[in-house]
Novice: 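One structure is given below, represented as structure tokens, and several questions about it will come after.
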Amino acid sequence: MEKYNPQEIEPKWQKIWDEQKIFEVAEITDKKKFFGLIEFPYPSGDGLHTGHLRSNTAMDIICRKRRMQGYNVLYPIGFDAFGLPTENYAIKKKIKPQEATEKNIATFTKQLKEAGFSFDWGRSFSTTDEDYYKWTQWIFVQMFKAGLAEKKKETINWCTSCKIGLANEEVVNGVCERCGGEVIKKVKEQWVLKITKYADRLIEDLDKVDYLERIKMQQINWIGKSEGATVKFPISKIQDTNKSQITNTNNQYYLEVFTTRPDTLFGATFMVVAPEHSLIQNYESGIMNYGEVKEYVEQAKKKSDLERTDLNKEKTGVELKGIKAINPVNAKEIPIFVADYVMMGYGTGAIMAVPAHDERDYEFAKKYNLEIVEVIKGGDVSKEAFAEIESGEMVNSEFLNGLKPNEAIEKMIEWLEEPRHHEGAGHESIGKRQIQYKLHDWIFSRQRYWGEPIPMVYCEKCGWQTVPEKDLPVVLPNIDDYLPTDEGDSPLAKKEEWVKTNCPVCGGEAKRETDVMPNWAGSNWYFIRYTDPKNDKMMVDPKKAKYWLPVDWYNGGMEHTTLHLLYSRFVWKFLYDICAVPKECGVEPYAKRTAHGMILGEGGVKMSKSRGNVINPDEYVKKYGADTLRVYEMFMGPFDLPIAWEDKSVNGVYRFLNRVWNLQTKLKSQNSKVKIESQNPKLTTLLHQTIKKVGDDIEEMKFNTAVAQMMILLNELEKQEEISVAYYSLFIILLLPFAPHLAEELWQTLGHKESIMKEKWPEYDPNLIKAEKFELVVQVNGKVRERILVPVQISETEVRDLVMKNEKVVKWLESKEPKKMIYIKGKLLSIVV
RNA sequence: GCCCAGGUGGCGGAACUGGUAGACGCACAGGACUUAAAAUCCUGCGACUUCGGUCAUGCGGGUUCGAUUCCCGCCCUGGGCACCA
């Protein structure tokens, strides 16, 4: 027998699988389908990393098992290749992004094939392929036509280092998520997608899917739905007798706020507006201390978001002297402040402050000595704010007195919504019920080069027009100077002959949009395209979509469970609404979503180039083979938790596979007819337990214990004088999804002509997983005192008799009479004396 | 601050629905083979012990015949959100 030599057998089998196109899936069959999905990789210059392998191996195991269970399995792969990392990499290396992408995809392809994943390579594509992004642009056109895409002036987050606008989601702790660079506010015309219109559905439909609970929570928190009311506070017109009239340039007579606590309206003793609030500009001449206010506003602007949102800092603010707000419930005049603890980006950018029942307002009121009016009894407002909503009773609140806060909220909203005469505004309601989301509309423009051109044309006469569908794709021109500009225009703007075009409506002169789409655009819908990747007539053939979609199981990293998941769910819902995907597919794109834990470097620290602790899979494939790497990544620890790489343990897995290989020496000479049942019953039990455990564990992604169970079986098999081909075959089949090359080679060695993958996934016999005897545990007063081997069928009386005769037990009873005996069948007998 | 995980030997981690804590692997120690080493195989491996046992699953209580598992109160670690009105 030759030695286990993965370096030889792995390339051999990869070649055979590739040539036979064994994983290329039939279009539509009568078989039940299974669509397993992993996040397609971003082909960076660094090559494949251990995290890709962890996710891909897990789904590979599941898909291989499904195939053996008789499913028609789609396990596709592609590349998410547009975007900043490649562009920046290309700039650094002084090459074109096209070149970098091509090279990186080649590397990734080679690495992925070397890992033995059962991908359907026949369906592979890159988001940068023209016949793919044609449809990415087509989706944008549909969104525009549906009124969900709009170009508008937005205060955006501008990364000064990437020279690019960022979505709110891409700003983390006040800095650029990607490069950590400084983020400033900049007003720019931007394309936005109105994801907020789908906010409710994105929350509600989570009930219909099987996601990890924490993923659902993340989605819900991100959308951040709050229910409450808006309330208009009139601004009192004349304060300062020296000034005859307050100039109000925009006829703004109200300060409108959003509150989740309309019940506390009688306790509103001052107002606060964000530094960016238009009220300040509008009442410039009415604000007596305008200079002071202006200075505060300027200071606030200079602060980064990080500084402004630092919870530990003391709240600051300046009163707008000369104007007052009138609390509409009691007509009291209350002061207005500007303070940077109120954010322009949420609600109306202004709040009514109820210091008695809100911690932040309380702190502010204490500092500036403002009135604190208790309107809910139950706390001690001389000491701290009482923010409870479940308990307490309304006081000092006229028509709300005596109610519970929850009831008061409803009553107050009713009161606010009643139309009534209102000074300066005629006949309308003071406020109304309002739902507010933290989720913002999604800024979809990027002022860079390496992305899908936004397929829009601007005509002076006709306004924004979509590029006609027959002219799609708008091909990204191959330009030499693709460096970003400091002014924040896309490099495409420099290519005049490309920009200049004709208006699709009037035929007159027009200009192309020069911004490109963000990275998310291509990854929003790639899984749909896998079901029909070559279609040049439509995004997807409804028949094919109907057969394959939704995705049955989607696994990926925790880092993509908020943004990518939310965005792609939104796009799916839109495509569902316009019938671009058939109704039969359902309202959610992914039936099940799981996430793997990150692999950390040795010692539990994050892997990074700067630390120099990045594990390169290639080295391990070279040294141990892909099978060892696969099994190790599954065995290293619980799949969903982060885990540190441990070089020494890789060796342990290599030993395991070698022992499986060497087990061949114990094979009975070609005696495959031997019936399993006739063998050693203990071993038979263990074999069936292993079939059950490995099968069940794969479904629950408990790969570590599945491998452990196979090791237990191997240990037992090794103890035998000789083993039957039947036993060995079953063992290899169980191992196949984990170590496919090894399993295939051993299968062939056993004399099979067909691939092991044609075998059925084994089923266990429920009668055989039970052992004939078990170890009965005897406890005296809760302590284990004896273990006796007894037959499974033993009755309770027999157990009692047996135990009471047992010397050791008798000794522990110290001739006392047992008070109580508890018998747990098949487990233990507990005696209390 | 809020939400979600989690805390078990020297290490990664097992443990069904309250029923033998430490499976499996790593590391380590001893032995076999070898001129020797590597590899491989065998044995041992939570702590203490007067060798009868006793104590042990972050800490302190509780429920129970019995708690890693359930309840109450703390401490710590990781992740997410964060002046969201």
Side-chain angles (χ1 to χ4, degrees), chain A residues 3 172-173 212-218 220-222 224-226 228 257-261 264 268 272 274 308-313 315 339-343 345-354 357-361 363-364 387 436-439 558-559 561-562 597-598 600 603-604 631-632 635-638 640-653 655-656 658-659 662 696 702 704-715 718 774-787 811 818-833:
Chain A
K3 254 180 69 193
V172 175
N173 291 333
L212 291 179
E213 207 44 45
R214 60 187 164 141
I215 299 179
K216 287 192 184 182
M217 286 316 293
Q218 274 185 18
I220 291 168
N221 287 342
W222 193 265
K225 182 176 180 174
S226 324
V257 300
F258 170 73
T259 176
T260 54
R261 298 296 303 272
T264 61
V272 187
R308 259 185 81 169
T309 54
D310 181 4
L311 272 165
N312 296 322
K313 89 165 194 252
K315 293 188 177 29
D340 64 5
Y341 80 91
V342 171
M343 303 289 148
Y346 185 76
T348 62
I351 61 159
M352 63 175 213
V354 185
H357 306 288
D358 182 284
E359 252 174 71
R360 294 151 301 170
D361 300 345
E363 188 191 328
F364 196 80
Q436 193 66 46
Y437 303 96
K438 284 191 221 174
L439 182 71
M558 248 354 249
E559 68 274 20
T561 50
T562 31
M598 204 195 313
L600 306 168
V631 176
Y632 171 64
F635 182 61
M636 64 195 301
D640 57 336
L641 296 179
I643 188 136
W645 186 271
E646 215 181 312
D647 240 8
K648 281 176 177 162
S649 297
V650 181
N651 206 33
V653 170
R655 270 203 285 259
F656 165 64
N658 265 290
R659 282 162 58 204
N662 294 335
D696 291 352
K702 286 155 82 175
N704 54 335
T705 49
V707 174
Q709 182 66 32
M710 287 191 276
M711 287 171 168
I712 293 171
L713 179 60
L714 174 69
N715 289 345
E718 278 183 334
F774 74 95
E775 206 174 50
L776 177 83
V777 172
V778 185
Q779 292 186 346
V780 179
N781 284 342
K783 288 212 179 345
V784 179
R785 293 309 184 188
E786 180 61 313
R787 294 148 206 250
K811 207 183 104 206
K819 255 190 242 163
K820 207 168 152 189
M821 278 201 207
I822 299 144
Y823 177 61
I824 308 294
K825 199 163 174 278
K827 292 250 163 72
L828 59 67
L829 183 78
S830 184
I831 308 170
V832 191
V833 293

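To find a chain, count down the sequence lines: A is the first, B the second, and so on, and within it residues start at 1.
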Novice: Applying the Watson-Crick and G-U wobble criteria at under 3.5 Å, what pairs with B:rA5? Answer none if nothing qualifies.
Specialist: B:rU77
Novice: When the C1' atoms of B:rC59 and B:rU8 are compared, how many Å lie between them, rounded to an integer?
Specialist: 15 Å
Novice: Assign A:Gly652 to base, sugar-phosphate, or nothing according to its heavy-atom contacts below 4.0 angstrom with the strands shown.
Specialist: sugar-phosphate
Novice: Per the atom types in the model, does the base of B:rG19 pair as donor or acceptor with the side chain of A:Gln779 at under 3.5 Å?
Specialist: yes
Novice: Please state how far atom CG in A:Asn662 lies from atom C1' in B:rA39, giving the value in whole angstrom units.
Specialist: 11 Å
Novice: With no hydrogens and no angle check, is any side-chain donor or acceptor of A:Arg360 less than 3.5 Å from a backbone partner on A:Lys315?
Specialist: no
Novice: What nucleotide, of B:rG19, B:rG12, B:rU20, holds the atom closest to the side chain of A:Arg787?
Specialist: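 Of the options given, the side chain of A:Arg787 lies nearest B:rU20.
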Novice: Would you say CE of A:Met558 has more than 12 non-hydrogen atoms from neighbouring residues, nucleotides or ligands within 6.0 angstrom?
Specialist: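 Above 12, so yes.
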Novice: At less than 4.0 Å, is any side-chain N or O atom of A:Arg214 found next to OP1 or OP2 of B:rG80? Yes or no.
Specialist: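 So the side-chain polar atoms of A:Arg214 never come under 4.0 Å of the phosphate oxygens OP1 or OP2 of B:rG80.
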Novice: Is any side-chain heavy atom of A:Gln709 closer than 4.5 Å to a side-chain heavy atom of A:Ile712?
Specialist: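 Counting from C-beta outward, A:Gln709 and A:Ile712 do come under 4.5 Å.
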Novice: Any donor-acceptor pair under 3.5 Å linking the side-chain atoms of A:Tyr341 with those of A:Asp361?
Specialist: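 Yes - a donor-acceptor pair under 3.5 Å links their side chains.
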Novice: Please classify the glycosidic conformation of B:rG9 as syn (within 90° of 0) or anti (everything else).
Specialist: syn
Novice: Using whole Å, what does the distance between atom P of nucleotide B:rC83 and atom CE of A:Met343 come to?
Specialist: 6 Å
Novice: With heavy-atom distances below 4.5 Å as the criterion, would you say the side chains of A:Trp645 and A:Met636 are in contact?
Specialist: yes
Novice: Once you apply the 3.5 Å cut-off to both distances, tell me the Watson-Crick or G-U wobble partner of B:rG19, or none.
Specialist: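 In the structure as shown, B:rG19 has B:rC65 as its Watson-Crick or wobble partner.
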Novice: Keeping A:Tyr632 on the side-chain end and A:Gly652 on the backbone end, is there a donor-acceptor pair under 3.5 Å?
Specialist: no
Novice: Just compare B:rA85, B:rC24, B:rG19 and give me whichever is closest to any side-chain atom of A:Ile351.
Specialist: B:rA85
Novice: Rounded to whole angstrom units, what separation is found between the NZ atom of A:Lys827 and the C1' atom of B:rA21?
Specialist: 14 Å
Novice: Are OP1 or OP2 of B:rG19 and a side-chain N or O of A:Ser830 less than 4.0 angstrom apart?
Specialist: no
Novice: So, is A:Asn221 close to the B:rC2 phosphate, meaning a side-chain N or O under 4.0 Å from OP1 or OP2?
Specialist: no
Novice: Going from OG1 on A:Thr264 to CE on A:Met352, what distance comes out if it is rounded to the nearest 0.5 angstrom?
Specialist: 3.5 Å
Novice: What contact category does A:Lys783 fall into here, base, sugar-phosphate, or nothing, at under 4.0 angstrom with non-hydrogen atoms?
Specialist: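 Contact class for A:Lys783: sugar-phosphate only.
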Novice: Provide the distance between the two C1' atoms, one in B:rG80 and one in B:rC41, to the nearest whole Å.
Specialist: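 It works out to 49 Å between them.
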Novice: With under 30° as parallel and over 60° as perpendicular, where do the rings of A:Phe258 and A:Tyr346 fit, or are they tilted in between?
Specialist: perpendicular
Novice: Distance check needed: B:rG25 P versus A:Glu718 CD, whole Å only.
Specialist: 10 Å
Novice: Please tell me if A:Arg655 has a side-chain N or O lying less than 4.0 Å from either OP1 or OP2 of B:rC26.
Specialist: yes
Novice: Using whole Å, report how far OH of A:Tyr823 lies from C1' of B:rG66.
Specialist: 17 Å
Novice: Is B:rG52 in the syn or the anti form, by the rule that syn lies within 90° of 0?
Specialist: syn
Novice: Have a look at A:Glu359 and say if it touches a base, only the backbone sugar-phosphate, or nothing, with a 4.0 Å heavy-atom cut-off.
Specialist: nothing
Novice: Give the nucleotide from the list B:rA21, B:rC26, B:rG19 with an atom nearest to the side chain of A:Ser649.
Specialist: B:rC26
Novice: Which of the following nucleotides, B:rC83, B:rA85, B:rG13, is nearest to the side chain of A:Pro638?
Specialist: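 The answer is B:rG13, which lies nearest to the side chain.
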Novice: Closest approach to the side chain of A:Ile712, judged atom by atom: which nucleotide of B:rA85, B:rA23, B:rC65 is it?
Specialist: B:rA23
Novice: Partner lookup for B:rA85, please. Criteria are Watson-Crick or G-U wobble with both distances under 3.5 angstrom; report none if nothing qualifies.
Specialist: none
Novice: A:Lys315 has a side chain; which of B:rC24, B:rG19, B:rC83 sits nearest to it?
Specialist: B:rC83
Novice: State whether the side chain of A:Asp358 and the backbone N or O of A:Ala353 hold a donor-acceptor pair below 3.5 Å, judged by distance alone.
Specialist: no
Novice: Is A:Lys820 near enough to B:rC65 that one of its side-chain N or O atoms lies under 4.0 angstrom from OP1 or OP2?
Specialist: yes
Novice: Using the side-chain heavy atoms of A:Trp222, tell me which of these nucleotides is nearest: B:rG53, B:rC83, B:rC81.
Specialist: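 Of the options given, the side chain of A:Trp222 lies nearest B:rC81.
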Novice: Among B:rG53, B:rA85, B:rC55, find the nucleotide with the atom closest to the side chain of A:Thr259.
Specialist: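 Selected nucleotide: B:rA85.
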Novice: From the set B:rG25, B:rC84, B:rC3, return the single nucleotide nearest to any side-chain atom of A:Tyr346.
Specialist: B:rC84
Novice: Classify the nucleic acid contact of A:Phe635 as base, sugar-phosphate or nothing, counting any heavy atom under 4.0 Å across all strands shown.
Specialist: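 Here A:Phe635 touches the bases of the nucleic acid.
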Novice: Mind checking the P distance from B:rG61 to B:rU69? Whole angstroms is fine.
Specialist: 15 Å
Novice: Using the P atom as the point on both nucleotides, what is the distance between B:rA21 and B:rC55, in whole Å?
Specialist: 13 Å
Novice: Whole Å only: how far is the CE atom of A:Met558 from the P atom of B:rG78?
Specialist: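 It works out to 17 Å between those atoms.
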Novice: Measure the distance from CG on A:Asn651 to P on B:rA38 and round it to the nearest whole Å.
Specialist: 13 Å
Novice: When the distance from CG of A:Asn715 to C1' of B:rU43 is rounded to whole Å, what number comes out?
Specialist: 15 Å
Novice: Given that A:Arg261 and A:Lys702 both sit by RNA chain B, which one's nearest nucleotide is further toward the 5' end?
Specialist: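 Whichever sits nearer the 5' end wins; that is A:Lys702.
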Novice: Is A:Glu359 atom CD crowded by more than 12 heavy atoms from other residues, nucleotides or ligands, each under 6.0 Å away?
Specialist: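 No - once you tally the heavy atoms of other residues, nucleotides and ligands closer than 6.0 Å, there are 12 at most.
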Novice: Between B:rC11 and B:rC16, how far apart are the P atoms? Round to whole Å, please.
Specialist: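 Between the two P atoms, the distance is 22 Å.
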Novice: Could you pick out which residue, A:Arg785 or A:Ile831, lies toward the 5' side of RNA chain B when each is mapped onto its nearest nucleotide?
Specialist: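 Its nearest nucleotide being more 5', the pick is A:Arg785.
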Novice: Is A:Val777 touching bases, backbone alone, or none of the nucleic acid, heavy atoms closer than 4.0 Å?
Specialist: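 Touches a base.
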Novice: Roughly how many Å apart are B:rG7 and B:rU17, using the C1' atom of each and rounding to a whole number?
Specialist: 23 Å
Novice: Can you check the distance between B:rA85 and B:rC71, where both ends of the measurement are the P atom (answer in whole Å)?
Specialist: 30 Å
Novice: Now, which nucleotide makes the Watson-Crick or G-U wobble pair with B:rG52, with each of the two distances under 3.5 Å?
Specialist: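 Per the H-bond distance test, none.
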Novice: Classify the side chain of A:Lys648 versus the base of B:rC11 as yes if they form a donor-acceptor pair under 3.5 Å and no if they do not.
Specialist: no
Novice: Using the C1' atom as the point on both nucleotides, what is the distance between B:rC72 and B:rA23, in whole Å?
Specialist: 33 Å
Novice: Among B:rC84, B:rA15, B:rU20, which nucleotide sits nearest the side chain of A:Arg360?
Specialist: B:rC84
Novice: With a 3.5 angstrom cut-off on both distances, give the Watson-Crick or G-U wobble partner of B:rC28, or none if there isn't one.
Specialist: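 In the structure as shown, B:rC28 has B:rG44 as its Watson-Crick or wobble partner.
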